[in-house]
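These notes concern the structure reproduced below.
Numbering of residues begins at 1 and proceeds along the displayed sequence.
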Amino acid sequence: DGETTCADLHEAVSEFDESCPTIQAKGHFLCGCPELPVLEHGSCSLCYDPTEDYTNNIFETRTRITEDDTTTTTTVDVYCSDAAVEIFAAGNDTRTCTQAQAQAALSCGCSSFPPPPEDPSCTLCPGGMDPEFPDRVIENAFGGSVTCDTFNQLVPVLYDSSTCHNEFLTSLTNYCGCPDVAVCRVCNLGDDLINPDKIVKSPTQDVTCVEVKTASQLIQLGASIRAFQQQCQAFRDDYATDCCPGSSIEPLQFDFPSPAPSSVPLA
């Protein structure tokens, strides 16, 4: 917390016997002690490969609420070394450990990460399929940048059935090109942008055709296929003429998940 020194930790070891392994872990990660304590049930390393070094970046930012006369909300940056201390005693085969190791691959520069569970309850693409755009970069994913391919491997470890359905993951199904998701494209499938750097008008700001292309793929298929078609067609009406070859101004094309659209009720 910034108030306890390594000398304080050294003095504390003899006072709190039950906390000794945790204090010794702090001594290793924060004060430079050469060895870690050995725990009977095993320990959890921040990187999945315990021999790998991590970068002491910000692991995550947490919100702290204190209530005295008034309620005060502050944010606290938890660094990778702090996280290493926190998870050390978790055991190396617990979900707490594997989730932290997966996040460390994004936040702390670990190149190793735990394998997904045999029967994952959450995947990036439906049915665990691989994304069509594996090399696309996701910015600011848990404080780091990562490709869709790597994030696809981390999702089953980071999320479970209770946290799987969220706006961040939903937006990535189109961005990373999950094959069983209806995709809106400003240009028809197979057509490239003819003017990728051209500036076009949007309701809020001027954008390039490349940014338009990315935005079109974030339009989500909800409960109504008809509404999705109408929203995507309106988007294409606004931008296809400036950004796409003439063939893309012809009738709309979609990729739909199975079952085929004809077997799905229209709202």
Show me the donor-acceptor pairs within less than 3.5 Å that the side chains of residues 76-86 make with the rest of the protein, sequence neighbours left out.
| unit_1 | atom_1 | unit_2 | atom_2 | d |
| --- | --- | --- | --- | --- |
| D77 | OD1 | T61 | OG1 | 2.9 |
| S81 | OG | N56 | OD1 | 3.2 |
| S81 | OG | N56 | ND2 | 3.4 |
| D82 | OD2 | Y79 | N | 3.0 |
| E86 | OE1 | R62 | NH2 | 2.8 |
| E86 | OE2 | R62 | NH1 | 3.0 |

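For a disulfide, the SG atoms of both cysteines must be under 2.5 angstrom apart; this holds for C125 and C178.
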Go through the steps for C97 and C44 under the test disulfide (SG to SG under 2.5 Å), then give the verdict.
-> CA-CA 6 Å; C97 180; C44 176; 2.0 Å; yes
Can you list the steps and then say if E52 with S111 is a side chain to side chain donor-acceptor pair (under 3.5 Å)?
-> CA-CA 8 Å; E52 186 180 354; S111 59; 2.8 Å; yes
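With values rounded to the nearest 0.5 angstrom, I87 atom CD1 is found 10.0 Å from Q103 atom CD. Taking OG1 of T214 as the reference point, atom CZ of R136 lies at 5.5 Å (rounded to 0.5 Å). For the atom pair C243 SG and K213 NZ, the distance stands at 11.0 Å (nearest 0.5 Å). The CD atom of Q153 sits 8.0 Å away from the OG1 atom of T147 when rounded to the nearest 0.5 Å. Of the inter-residue distances, the one linking S107 atom OG with F59 atom CZ reads 6.0 Å to the nearest 0.5 angstrom.
With a 4.5 Å cut-off on side-chain heavy atoms, F151 and V137 do not count as touching. Side-chain contact check for P114 versus V157: some heavy-atom pair is nearer than 4.5 Å. Side-chain contact between V200 and V212: present, with at least one pair of heavy atoms (C-beta onward) separated by less than 4.5 Å. Inter-residue side-chain proximity for F113 and T150 is flagged as met; some heavy-atom pair is nearer than 4.5 Å. In this structure, the side chains of I138 and L172 come closer than 4.5 Å at one or more pairs of heavy atoms. Within the 4.5 Å cutoff, the side chain of V207 has no heavy atoms near those of the I199 side chain. Between Q101 and S45, the closest side-chain pair of non-hydrogen atoms falls below 4.5 Å. In this structure the side chain of L46 reaches within 4.5 angstrom of the side chain of C108, judged on heavy atoms.
Across all non-hydrogen atoms, the minimal contact from Y54 to C110 is CB-SG, 4.0 Å. Contact detail for L158 and A102: the closest heavy-atom pair is CD2-CB, 3.7 Å. Heavy atoms only, all atoms of each residue included: S112 and A105 are closest at O-CB, 4.1 Å. Of all heavy-atom pairs between V155 and C122, the closest is CG1-SG, 3.8 Å. Between C148 and P131, the shortest heavy-atom contact is O-CG, 4.2 Å.
Pairs engaging residues 142-164 under the salt bridge (charged side-chain N to carboxylate O under 4.0 Å, His left out) rule: R95-D160 [sequence neighbours left out]. Counting only residues at least two apart or on different chains, no side chain to side chain donor-acceptor pair (under 3.5 Å) pair has a member in residues 116-125.
Checking each of L154, N152, D130 against L124 for a side chain to side chain contact (heavy atoms under 4.5 Å, CB included) leaves exactly one that passes, namely N152.
Under the 4.5 Å side-chain heavy-atom criterion for ILVMFWY residues, no single connected hydrophobic cluster contains both V210 and I194.
A donor atom on one side chain and an acceptor atom on the other are found under 3.5 Å apart for D49 and T51.
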